[in-house]
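Contents: one structure, followed by commentary.
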Amino acid sequence: MRFSIFLFFTVFTFGQQTSKVDFKIVTGNIIVNAMDKKVSGTVKYLFEVKKAIDTIKIDGIKMTFSNVKINNKEVKFSNSGKTINLFEGFKKGKNTLVFDYVASPKQTMYFNGIFGNQIWTQGQGKYTSHWFPSFDDANEKVIFNLNIQSFEKSVGIFSNRVIISNGVLKDIVKFGGREIWKYEMKKPMSSYLLAIAIGDFVNHTIASKSHIPLQLFIQPKDTSKFEPTYRYSKQIFDYFEKEIGVKYPWQIYKQVPIEDFLYAGMENTSCTLFAQDYVVDDIGFNDRNYVNVNAHELAHQWFGNLITAKSGKHHWLQEGFATYYALLAEKQVFGDDYFYHILYRNSLQLRNAAKTDTIPVMNEKASSLSFYQKGAWALHFMRESIGAKSFQKAVKNYLKNYQFQNVETQHFLAEVKKVAPKFDTVIFQKIWLEDYHFPTDAVNELLKKNKFMQTLFEIQQLRKKSFAENKEQYKALLQSNDFYPIKTEIIYQLKDVPFKDKSALLLLALQTNDLKVRQAVGEFIDEIPLEFKVSYESLLNDESYDTKEIAFMKLWKSFPNDRSNYLQKAKDWVGGNDKSLRILFLTFAIENESVDSLNFYQELVDYTAPKYETSIRQNAIVSALTINEKDKTVLKNLVNTTTHYKWQFSKFGRDKIRELLASEGFRSLFENILPTLSENEKVQLQRLLDEKR
């Protein structure tokens with residue numbers, strides 16, 4: 001995950017404090033109130049004053065504090081609205097601090113649904129200090145223990161809720177219809193890695209080869225998707241412990257899928273949260289699976305959690321490493337050709353980005369592409385240059401020497417220099433980390449070490465020749481066992497060739513039975529000739545939701561007389577987590593004036609409501625507005641999108657409303673529904689209305 005730049009500005013602010021005061025352990029006894037969207041509790045810190053200091057600060061955004069005691073004596077304090085400031089009662093050496101707090105977090109702790117059907121936190125980028133008094137400075141590492149109180153059973157909707165946090169669940173204490181879930185950690189971490197997830201989950205626990213419990217959570221409604229969602233999880237974990245050479249540093253590892261999560265995943269210490277969109281069935285696995293995100297967030301348990309970058313300048317030490325080790329894990333799962341193809345695709349992105357992006361990797365303002373993909377490429381170049389064994393040794397020493405500490409780039413490069421004295425780390429840093437240019441020539445030489453990549457480069461050169469010159473080579477390659485990108489490249493090159501000339505090759509492509517190759521056939525044919533209709537229709541049966549959607553839409557356009565047959569074929573489709581295929585069916589069935597059009601329309605409109613995830617709602621809103629752009633229910637649900645915490649979704653809503661307001665009649669429509677909205681919705685809509693006056 002990417003840090004907010006502001007997080008590293010606080011390093012400077014708090015740097016003086018961390019050199020004088022060391023917070024050791026914190027125990028939080030907290031209550032999460034879903035009804036009022038509040039969190040409160042009692043916090044106890046153990047800390048050591050190493051040098052004289054006037055004021056000690058703990059971050060707490062818009063919190064109220066009371067009953068503040070240091071060393072068992074009540075003390076005066078001040079509250080800046082951002083920090084609790086302590087200026088009396090502490091002494092040099094060991095101290096205890098206890099206080100009560102209340103917070104109504106506007107970010108970082110999120111309450112999904114009207115009554116918080118899921119409650120979860122996202123500390124990185126928005127800071128844990130919005131819901132728990134802690135430290136926005138990643139250089140302050142603390143052992144966190146949380147005792148989290150559940151809700152009144154009498155409320156009913158919370159009776160099956162599971163509470164998940166960092167560390168080991170030591171006990172669940174029940175009293176008076178309540179529960180306290182007690183979590184314990186043994187090693188320190190930065191505050192941004194603290195997490196809570198509350199929801200209706202079941203879990204299955206498996207053991208790694210080193211006997212670390214791997215606790216894999218899922219919603220009860222998704223139990224049939226458990227295996228494809230978590231496929232290769234144990235293999236990846238075992239591989240990392242062997243490849244990295246340092247045992248997993250925590251006591252347990254949990255993974256929890258979250259609805260409407262802000263990012264793909266977040267590597268909270270021992271407790272990764274990831275987006276519900278990665279909960280997939282066997283077909284969905286072929287389109288978008290959790291494997292890379294799974295490996296990336298797990299790699300962070302070493303690179304980011306065990307050791308943490310001192311500042312944004314060195315953020316690549318977290319994201320570059322996690323990205324590269326995720327690729328190494330995928331190499332174990334999917335093979336060398338897959339590994340090199342991803343490296344190649346990343347290199348194309350980086351080469352193009354370097355034309356306009358002049359910020360290098362070692363800069364706190366670097367792009368995600370630089371931190372992640374260029375950081376990973378830098379490590380691959382280094383590994384290939386010094387050899388895998390030397391690279392492994394340097395990484396192992398780096399982790400062991402700086403475990404539970406904060407690091408800079410020089411710490412890692414110094415370890416590399418020890419095991420590979422001939423490798424010029426100065427030049428490496430200059431070319432890969434301090435220069436925004438992408439070293440394309442060096443990268444291509446490394447890619448050419450792979451036979452598949454050699455062939456792909458050769459096939460790309462065929463674009464310069466005529467179809468007649470290439471035809472026999474195309475035929476041979478389509479019948480070969482070469483990795484699919486070679487064949488999809490051929491399909492791309494055939495795009496503008498007359499159908500009569502390429503039809504035999506397209507049939508060969510379909511006969512490969514490779515999902516990606518067949519999908520490329522579906523994608524790169526715009527007009528489907530009648531003689532190719534039956535062959536093309538076979539794509540509707542592929543084990544890929546993406547392919548089904550592509551094929552359905554192109555067949556619908558090409559053969560109007562067969563639309564009823566295509567609707568019959570799609571009537572039971574659902575698709576992935578976003579229900580894309582169900583919404584596709586509903587939309588086309590309504591437009592085709594099917595017998596059940598009214599019921600289908602009501603179902604489509606229902607999907608626009610706040611009770612569904614944003615991916616479902618966005619698909620449904622777009623489709624519903626194409627059918628009836630002035631439906632008041634849909635327009636009200638569109639306005640509701642502007643209040644959502646997920647910025648991508650709220651931006652979609654604002655942009656869509658602006659687009660509608662540019663058309664005649666919509667201003668009065670929105671003004672008419674204004675009185676029926678919630679206060680927050682009124683504010684958001686009024687702002688948009690005022691923009692267009």
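Reckoned from all heavy atoms, side chains included, excluding hydrogens, waters and symmetry mates.
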key: Whether W250 side chain and Q301 backbone form a donor-acceptor pair below 3.5 Å   = yes

task = Determine whether more than 12 heavy atoms belonging to other residues, nucleotides or ligands lie under 6.0 Å from atom NZ of K50.
result = yes

ask   = Any chance the rings of F303 and Y325 have centres within less than 6.0 Å?
value = yes

request  = Kindly indicate, with the supporting measurements, whether the criterion side-chain hydrogen bond (donor to acceptor under 3.5 Å, both in side chains) is fulfilled by Q276 and D260.
outcome  = CA-CA 7 Å; Q276 175 75 15; D260 279 331; over 6 Å; no

key: Nearest heavy-atom neighbours spanning I258 and L273   = CG1-CB, 4.0 Å

key: NZ-CD distance between K495 and E523, expressed to the nearest 0.5 angstrom   = 9.5 Å

Modelled atom types, side-chain donor and acceptor of S129 and D136, under 3.5 Å = yes

ask   = With no hydrogens and no angle check, is any side-chain donor or acceptor of S208 less than 3.5 Å from a backbone partner on I212?
value = yes

key: Residues R383, E243: salt bridge by 4.0 Å N-O rule   = yes

message = Is the shortest side-chain heavy-atom distance between F135 and Y192 below 4.5 Å?
response = no

key: Check: W377 ring centroid to Y324 ring centroid under 6.0 Å   = no

task = May I have the step-by-step check of side-chain contact (heavy atoms from CB on, under 4.5 Å) for M382 and L413, ending in yes or no?
result = CA-CA 10 Å; M382 176 185 287; L413 295 183; 3.9 Å; yes

task = Output the distance between atom CD1 (I307) and atom OH (Y402), rounded to the nearest 0.5 Å.
result = 10.0 Å

inquiry  = Whether the E267 and N305 side chains hold a donor-acceptor pair (N or O, under 3.5 Å, no angle test) is what I'd like checked.
reply    = no

task = For residues K418 and P421, report the shortest heavy-atom separation together with the two atoms involved.
result = O-CD, 4.1 Å

task = For the pair R463 and E489, evaluate salt bridge (charged side-chain N to carboxylate O under 4.0 Å, His left out) and give the outcome as yes or no after the intermediate values.
result = CA-CA 10 Å; R463 298 180 187 182; E489 168 65 22; 2.7 Å; yes

inquiry  = Determine whether a donor-acceptor pair (N or O, by modelled atom type, separation under 3.5 Å) exists between the side chain of S190 and the backbone of K141.
reply    = no

request  = Heavy atoms only: give me the nearest I58-P133 pair and the separation to one decimal.
outcome  = CG2-C, 3.7 Å

Nearest heavy atoms of L478 and T512, plus distance in Å = O-CG2, 3.5 Å

query = Where does the angle between the aromatic ring planes of W316 and F428 fall among parallel (under 30°), tilted (30 to 60°) and perpendicular (over 60°)?
reply = tilted

ask   = Any side-chain heavy atom of M266 within less than 4.5 Å of one from T272?
value = no

request  = Might you confirm whether atom NZ of K417 has over 12 heavy atoms from other residues, nucleotides or ligands at distances under 6.0 Å?
outcome  = yes

task = Quick one: do K393 and E415 satisfy side-chain contact (heavy atoms from CB on, under 4.5 Å)? Show the steps, please.
result = CA-CA 9 Å; K393 187 175 181 180; E415 298 300 333; over 6 Å; no

key: Separation of F381 CZ from W432 CH2 (nearest 0.5 Å)   = 6.5 Å

task = State whether the number of non-hydrogen atoms from other residues, nucleotides or ligands found under 6.0 Å of F457 atom CZ is greater than 12.
result = yes

request  = Could you walk me through whether I196 and L146 pass side-chain contact (heavy atoms from CB on, under 4.5 Å), step by step?
outcome  = CA-CA 9 Å; I196 291 178; L146 291 188; 4.2 Å; yes

query = Counting distance only, does the side-chain N/O of H411 pair as donor-acceptor with the main-chain N or O of E408 below 3.5 Å?
reply = yes

query = Where the side chain of S165 meets the backbone of A195, is there a donor-acceptor pair that is under 3.5 Å apart?
reply = yes

query = Below 4.0 angstrom, N of the basic side chain to O of the carboxylate: do D238 and K242 qualify?
reply = no

task = Using atom types as modelled and distance alone, determine if a side-chain donor or acceptor of T614 lies under 3.5 Å from a backbone N or O of F649.
result = no

Non-hydrogen side-chain atoms of K464 and Q461 separated by less than 4.5 Å = yes

query = Would you find more than 12 non-hydrogen atoms of other residues, nucleotides or ligands less than 6.0 Å from K646 atom NZ?
reply = yes

inquiry  = Checking S233 against N294: is there a side-chain donor and acceptor pair closer than 3.5 Å?
reply    = yes

request  = Begin with the C-alpha distance, continue with both residues' side-chain angles, and end with the deciding distance and a verdict on side-chain contact (heavy atoms from CB on, under 4.5 Å) for V395 and F321.
outcome  = CA-CA 10 Å; V395 170; F321 271 84; 4.2 Å; yes

ask   = Going through the distances and angles, do D546 and S544 end up as a side-chain hydrogen bond (donor to acceptor under 3.5 Å, both in side chains)?
value = CA-CA 5 Å; D546 291 346; S544 163; 5.0 Å; no

query = Are any side-chain N or O atoms of Q318 and backbone N or O atoms of A309, one a donor and one an acceptor, separated by less than 3.5 Å?
reply = yes

request  = Can you see which heavy atom on T108 is nearest to which on G123, and at what distance?
outcome  = CG2-CA, 3.8 Å

ask   = Taking side chain as C-beta onward, heavy atoms only, is I143 less than 4.5 Å from K187?
value = no

query = Relative to the ring of F237, is the ring of Y253 parallel (under 30°), tilted (30 to 60°) or perpendicular (over 60°)?
reply = tilted

Check: E140/T18 side-chain N/O donor and acceptor closer than 3.5 Å = no

task = For S134 and F132, indicate whether the former's side chain and the latter's backbone hold a donor-acceptor pair under 3.5 Å.
result = yes

ask   = Does any non-hydrogen side-chain atom of Y183 lie less than 4.5 Å from one of N145?
value = no

message = Are H296 and H300 packed together at the side-chain level, in the sense that at least one heavy-atom pair is separated by less than 4.5 angstrom?
response = yes

query = For the rings on Y344 and Y340, is their centre-to-centre separation under 6.0 Å?
reply = no

key: Side-chain heavy atoms of N397 within contact of V419, under 4.5 Å   = yes

ask   = Where the side chain of D435 meets the backbone of I431, is there a donor-acceptor pair that is under 3.5 Å apart?
value = no

query = Can you find a side-chain donor-acceptor pair between Q493 and Y474 that sits under 3.5 Å?
reply = yes

message = Keeping Q122 on the side-chain end and Q124 on the backbone end, is there a donor-acceptor pair under 3.5 Å?
response = yes

task = Please name the residue in the list Y645, F217, Y263 that meets the ring-ring contact (aromatic ring centres under 6.0 Å, His included) test with W120.
result = Y645

query = Rounded to the nearest 0.5 Å, what separation is found between the CZ atom of F438 and the NZ atom of K355?
reply = 13.0 Å

Heavy-atom side-chain proximity of L327 to Y338 below 4.5 angstrom = no

ask   = For atom NZ of K396, is the number of surrounding heavy atoms from other residues, nucleotides or ligands below 6.0 Å larger than 12?
value = no

query = Are K449 and E384 ion-paired here, with the side-chain N under 4.0 Å from a carboxylate O?
reply = yes

message = Looking at K24 and E48, is any side-chain nitrogen of the basic one under 4.0 Å from a carboxylate oxygen of the acidic one?
response = yes

message = Assess whether a salt bridge exists between D282 and R231, defined as any Lys/Arg side-chain N lying under 4.0 Å from an Asp/Glu carboxylate O.
response = yes

key: Nearest heavy-atom neighbours spanning L193 and N166   = O-ND2, 2.8 Å

message = Suppose we call two aromatic rings close when their centres sit under 6.0 Å apart. Are F371 and H314 close by that rule?
response = no

inquiry  = Do the side chains of D59 and K57 get close enough for a salt bridge, i.e. N-O under 4.0 angstrom?
reply    = no

